[in-house]
Colleague: 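One structure coming up, written as structure tokens, with questions to follow.
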Amino acid sequence: MTRLQNFIGGEWVDIESHQEEVVFNPATGEELARVPLSTKEDLDRAVNAAKEAFASWKEVAVPKRARILFKYQQLLVEHWDELAEIITTENGKNLKEAHGEMLRAIECVEFASGAPTLMMGSQLPSIATGLESGVYRYPIGVVGGITPFNFPGMVPCWMFPLAIVAGNTFILKPSEKTPLLANRLAELFTEAGLPKGVLNIVHGAHDVVNGLLDHQDVKAISFVGSQPVAEYVYKRGTQNLKRVQALAGAKNHSIVLQDAHLDNAVTQILNASFGSAGERCMACSVVAVEEEIADDFIDLLVKKANEITIGSGLDENVFLGPVIRDEHKKRTLQYIETGLEEGAQLIRDGRTDQKSQAKGYFVGPTIFDQVTSKMKIWQDEIFAPVLSIARVKNLEEAIELTNQSRFANGACLFTNHGGKVREFREKIDAGMLGVNIGVPAPMAFFPFSGWKDSFYGDLHANGKDGLEFYTRKKVVTTRWV
Ligand code: NAD
């Protein structure tokens, strides 16, 4: 059984800790590897390596750094199939989704390859007679990244390519549930010519996170994960006077109006709710549908949900893979019970799908009707293939309902009415909106911009926000005499 190693200072090193967790294939329950939970000492070694590497890496000319990113992009494309297979094996999502995830990761590297343009400052040649000012952009130092299980490829690539091309050095603490891909990403970056110590991987859990949050040589933290941990990371990191961006949990709503293209709305919502087993921070978990078309919408949704193939994501034509762990399956089944106790109407019961009885951690597509905002299944992020439907009178009521959520990552509207699109855009509380699409996840050059309890911080991941987060500026004012 493989025991994972850390990647520190360009070397694979054994982890001293005796504490370890098993990495499972969630489709079969088989053990894939063991991941030791690094100690503070393991982390300190990585911080020292990253600090040492920073001294020389920040001096490397920006186009030269970018060239390594170009090479990295090529290698990721060459190894696309292999990387997607690792994702499917450790996470459970189907191969097509894993390919899509790697595309999103590659786009992050492509965005970062534009560093010479991104890193430019700006000048004003005359701020007063004979006086000029200019802004110059610099890296901040050692950056720590802490990532969730659901996107082992894309989410780390939101962070380290941009941070590194900006001249920082990086320590990635991948999810202990899906730690395998990170090691391969580091190997390929090294093959692309990245100097030792610029990217380090430290496997583990709480101790490594706390170590990163407390270490005085770590200048910034990028976190993506669940809401309680994001809040904790933000508070502890900022208390230690670090820059922190913490992307958190979600409960995303879709609104379907009576003039919507029904087939498109159902197809998009089906994918957004049950794709990746509902384990996306942009998953659709509530639909507010106008009463006039609610029955038609639900009939078609259930019909299409019945056609979903459940199984191992490695098998062709499988759409719905397992959830990540047996405990997560049990938690999901508990939520289904809660929904019933709360009086919601279970119109498709994923517990009865044959595959749900198999060894892997499968839950079939589950749909509740007549859900209200008082219910826990409406309020909580279940993070599984469980969809709630609420019937509403009109757009106004749908917006009012959606805005009651404490979360505000994404929201979608299905309609062809321009004025309603505008009303939705102006009045909805969410940072990433979709019109007639189900998963409005922004591409790498736009910020991933959750609101309310879906995000803590100022500058979001990706795009110009990401670059701002990983850099600091000098303003130089000069009088030539
Ligand atoms: P998680 O919060 O359990 O874990 C995230 C990271 O935090 C992991 O690396 C984990 O080791 C660490 N961690 C967990 N508990 C900790 C604790 N008590 N103290 C210190 N560190 C701790 O999240 P997850 O289950 O891996 O991922 C799913 C969550 O991530 C969902 O809530 C999802 O919405 C969210 N997510 C959000 C976004 C976004 O962009 N907003 C993107 C992807 C995932």
Side-chain angles (χ1 to χ4, degrees), residues 19 21 23 26 35-38 40 43 90-93 101 104-105 108 144-159 171-179 181-182 201-214 221-237 244-252 272 276-285 323-325 327-328 331-332 380-384 405-410 430-432 439-442 444 446-457 460-463 465-466:
Q19 260 187 300
E21 284 202 10
V23 185
V35 57
L37 306 182
S38 300
K40 198 178 156 304
L43 175 68
E90 66 176 343
N91 168 276
K93 67 181 71 173
E101 173 176 352
R104 286 302 171 94
C108 293
I146 302 154
T147 52
F149 78 80
N150 63 328
F151 282 102
M154 180 185 76
V155 171
C157 285
W158 284 355
M159 301 176 182
I171 298 169
L172 174 65
K173 206 268 335 143
S175 166
E176 63 278 27
K177 296 194 179 92
T178 53
L181 189 81
I201 312 279
V202 178
H203 290 288
H206 309 15
D207 288 347
V208 181
V209 173
N210 289 334
L212 284 167
L213 293 171
D214 294 344
I221 298 284
S222 293
F223 173 88
V224 178
S226 61
Q227 185 280 325
V229 186
E231 184 179 337
Y232 166 79
V233 163
Y234 185 73
K235 285 181 175 160
R236 186 155 169 172
V244 182
Q245 50 175 198
L247 287 72
K251 189 83 184 175
N252 306 302
S276 296
E279 292 173 331
R280 290 184 185 130
C281 67
M282 293 296 280
C284 168
S285 27
V323 296
I324 190 70
R325 287 286 178 274
E327 305 85 77
H328 192 45
R331 178 179 175 273
T332 305
D380 295 358
E381 181 182 47
I382 304 175
F383 219 54
S405 177
R406 62 187 290 224
F407 297 110
N409 228 26
M432 292 171 277
V439 184
F446 287 108
F448 206 91
S449 58
W451 285 16
K452 288 160 73 176
D453 281 351
S454 291
F455 177 73
Y456 302 102
H460 292 90
N462 287 331
D465 267 32

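Counting starts at 1 for both ligands and their atoms, in listed order.
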Colleague: Between E101 and G153 (side chain of the first, backbone of the second, donor and acceptor by atom type, cut-off under 3.5 Å), is there such a pair?
Modeller: yes
Colleague: N/O to N/O below 3.5 Å, does that happen between E381 and ligand 1?
Modeller: yes
Colleague: Can you check which of P152, S226, G225 brings a heavy atom nearest to atom 2 (O) of ligand 1?
Modeller: S226
Colleague: Looking at ligand 1, does F455 have a heavy atom less than 4.0 Å from it?
Modeller: no
Colleague: Considering only protein heavy atoms, which is closest to atom 21 (N) of ligand 1, and at what distance to one decimal place?
Modeller: V209 CG2, 3.4 Å
Colleague: If you count the atoms of ligand 1 from 1 in the order shown, which ones are under 4.0 Å from a heavy atom of L247?
Modeller: 39 (C), 40 (O), 41 (N)
Colleague: Between L212 and V209, is any pair of side-chain heavy atoms under 4.5 Å apart?
Modeller: no
Colleague: Give the residue and atom name of whichever protein heavy atom lies nearest to atom 7 (O) of ligand 1, and the separation in Å to one decimal.
Modeller: F223 CE1, 3.4 Å
Colleague: Can you list the ligand 1 atoms lying under 4.0 Å from a non-hydrogen atom of I146?
Modeller: 6 (C), 7 (O), 9 (O)
Colleague: Apply the test side-chain contact (heavy atoms from CB on, under 4.5 Å) to residues V244 and Y456: give CA-CA distance (whole Å), side-chain angles for both, the deciding distance (0.1 Å), then the verdict.
Modeller: CA-CA 8 Å; V244 182; Y456 302 102; over 6 Å; no
Colleague: Any atoms of ligand 1 less than 4.0 Å from a non-hydrogen atom of C281? List them with their elements.
Modeller: 34 (O), 36 (N), 37 (C), 38 (C), 39 (C), 40 (O), 42 (C), 43 (C), 44 (C)
Colleague: Do me a favour and list the nearest non-hydrogen protein atom to atom 27 (O) of ligand 1 with residue, atom name and distance?
Modeller: P148 CB, 3.2 Å
Colleague: Taking side chain to side chain contact (heavy atoms under 4.5 Å, CB included) as the test, write out the residues that go with A444, two or more places apart.
Modeller: E107, C108, F111
Colleague: Which ligand 1 atoms are under 4.0 Å away from a heavy-atom of W158?
Modeller: 40 (O)
Colleague: Which of the numbered atoms in ligand 1 are under 4.0 angstrom from any heavy atom belonging to F383?
Modeller: 28 (C), 31 (C), 33 (C), 34 (O)
Colleague: Considering only non-hydrogen protein atoms, determine which one is nearest to atom 8 (C) of ligand 1 and report residue, atom name and distance to 0.1 Å.
Modeller: T147 O, 3.3 Å
Colleague: Distance check, rounded to the nearest 0.5 Å: I221 atom CD1 versus I171 atom CD1?
Modeller: 8.5 Å
Colleague: Could K235 and E231 be called an ion pair, given the rule that one side-chain N must be under 4.0 Å from one carboxylate O?
Modeller: yes
Colleague: Evaluating non-hydrogen atoms only, which member of G204, G450, A248 is closest to atom 41 (N) of ligand 1?
Modeller: A248
Colleague: Closest non-hydrogen protein atom to atom 44 (C) of ligand 1, residue and atom name please, with distance?
Modeller: N150 OD1, 3.3 Å
Colleague: Taking N or O atoms only and a 3.5 Å limit, does F149 qualify as a polar contact for ligand 1?
Modeller: yes
Colleague: Please report whether atom 4 (O) of ligand 1 has a protein non-hydrogen atom at a separation of less than 4.0 Å.
Modeller: no
Colleague: Taking all heavy atoms of S276 and all of R280, pick out the closest pair and write down the distance.
Modeller: OG-NE, 3.5 Å
Colleague: With distance as the sole test, does E381 use its side chain to make a donor-acceptor pair with the main-chain N or O of A250 at under 3.5 Å?
Modeller: yes
Colleague: Suppose we measure from atom 40 (O) of ligand 1 to each protein heavy atom; which comes out shortest, and what is that distance?
Modeller: F448 CE2, 3.1 Å
Colleague: May I ask you to identify the nearest protein heavy atom to atom 18 (N) of ligand 1, giving residue, atom name and distance to one decimal place in Å?
Modeller: H206 NE2, 3.7 Å
Colleague: Does any non-hydrogen side-chain atom of F151 lie less than 4.5 Å from one of T178?
Modeller: no
Colleague: How close does the nearest protein non-hydrogen atom get to atom 13 (N) of ligand 1, and which residue and atom is it?
Modeller: V229 CG1, 3.9 Å
Colleague: Any side-chain heavy atom of C281 sitting closer than 4.5 Å to one from F448?
Modeller: yes
Colleague: Taking distance alone, with N or O pairs closer than 3.5 Å, would you say E176 contacts ligand 1?
Modeller: yes
Colleague: Which of the numbered atoms in ligand 1 are under 4.0 angstrom from any heavy atom belonging to K173?
Modeller: 8 (C), 9 (O), 10 (C), 11 (O)
Colleague: In chain order, what residues pass the salt bridge (charged side-chain N to carboxylate O under 4.0 Å, His left out) check against E21, with sequence neighbours excluded?
Modeller: none
